[in-house]
Amino acid sequence: MTYDIRTSRPQDFALFGEIENAAGALFADAGMPEIAAHEPTDLEFIEAAARTGAVLVATADDTPTGFILSAPLDRAMHIFELSVHPLHGRNGLGRRLVEAVCAHAANDGFPAVTLSTFRDLPWNGPFYRSCGFRELERHEWTPALLLAHYREEDLGLPLNRRCFMRKDL
């Protein structure tokens, strides 16, 4: 199957929840059913990211199979969500989406891309390290990252397993 990466279109957004839910099942398989049960990203947030950042999709026959949501946060482009439907996983789509966001951010003059993730799950921290991201020490967190940390705490995420990462462009 041939996959393409392109900028999302508003009609793509309706498919993101299904992709995110399917990808979330991996968390249940990893013993984190509470993460798998989270509601998908809401349409209002997706639309805001599309207006201010980059919302890109991986497609097969022009049908979305994965997506990445990014938008400015402090002085960096921040990845808020990366999901690839498991039926299309292990084809390099996640990496291609991350590379595309990094290229978009560099073209827009951002010095870095940041994200928050689970440091220990193979498709999270180790994956992003393989893409050139490094874990940020707490003293490196920006005010917005600190607020994001508080939000993750409010959501009940296991903070001892979470980290912020950054890739300088």
Do the charged groups of Arg134 and Glu140 touch, with an N to O distance under 4.0 Å? yes
Pairing donors with acceptors under 3.5 angstrom, does anything connect the side chains of His85 and Thr65? no
Give the C-alpha distance, both sets of side-chain angles, the deciding distance and a yes or no for salt bridge (Lys or Arg N to Asp or Glu O under 4.0 Å) between Glu152 and Arg161. CA-CA 11 Å; Glu152 289 183 353; Arg161 298 181 71 182; over 6 Å; no
Less than 6.0 angstrom separating the ring centers of Phe13 and Phe67, yes or no? no
Does any part of the side chain of Ile79, heavy atoms only, come nearer than 4.5 Å to the side chain of Leu69, both counted from C-beta? no
Glu44 atom CD, over 12 foreign heavy atoms within 6.0 Å: no
Any salt bridge between Asp4 and Arg96, counting N to O under 4.0 Å? no
Donor-acceptor pair, Asn91 side chain versus His88 backbone, under 3.5 Å? yes
Is the number of heavy atoms from other residues, nucleotides or ligands within 6.0 Å of CG (Asp29) greater than 12? yes
Does Glu34 CD have over 12 foreign heavy atoms under 6.0 Å away? yes
So Pro143 and Asp74, do their side chains get closer than 4.5 Å, heavy atoms only? yes
Any Lys/Arg nitrogen of Arg162 or Asp120 sitting under 4.0 Å from an Asp/Glu carboxylate oxygen of the other? no
Heavy-atom neighbours of Arg6 CZ exceed 12 at 6.0 Å: yes
Can you see which heavy atom on Val55 is nearest to which on Ala50, and at what distance? CG2-N, 3.5 Å
Going by the angle between their ring planes, with limits at 30° and 60°, are Trp141 and His149 parallel, tilted or perpendicular? tilted
Output for pair (Glu135 CD, Tyr128 OH), nearest 0.5 Å, gives 14.0 Å
May I have the step-by-step check of side-chain hydrogen bond (donor to acceptor under 3.5 Å, both in side chains) for Arg95 and Ser130, ending in yes or no? CA-CA 9 Å; Arg95 184 172 307 277; Ser130 77; 2.7 Å; yes
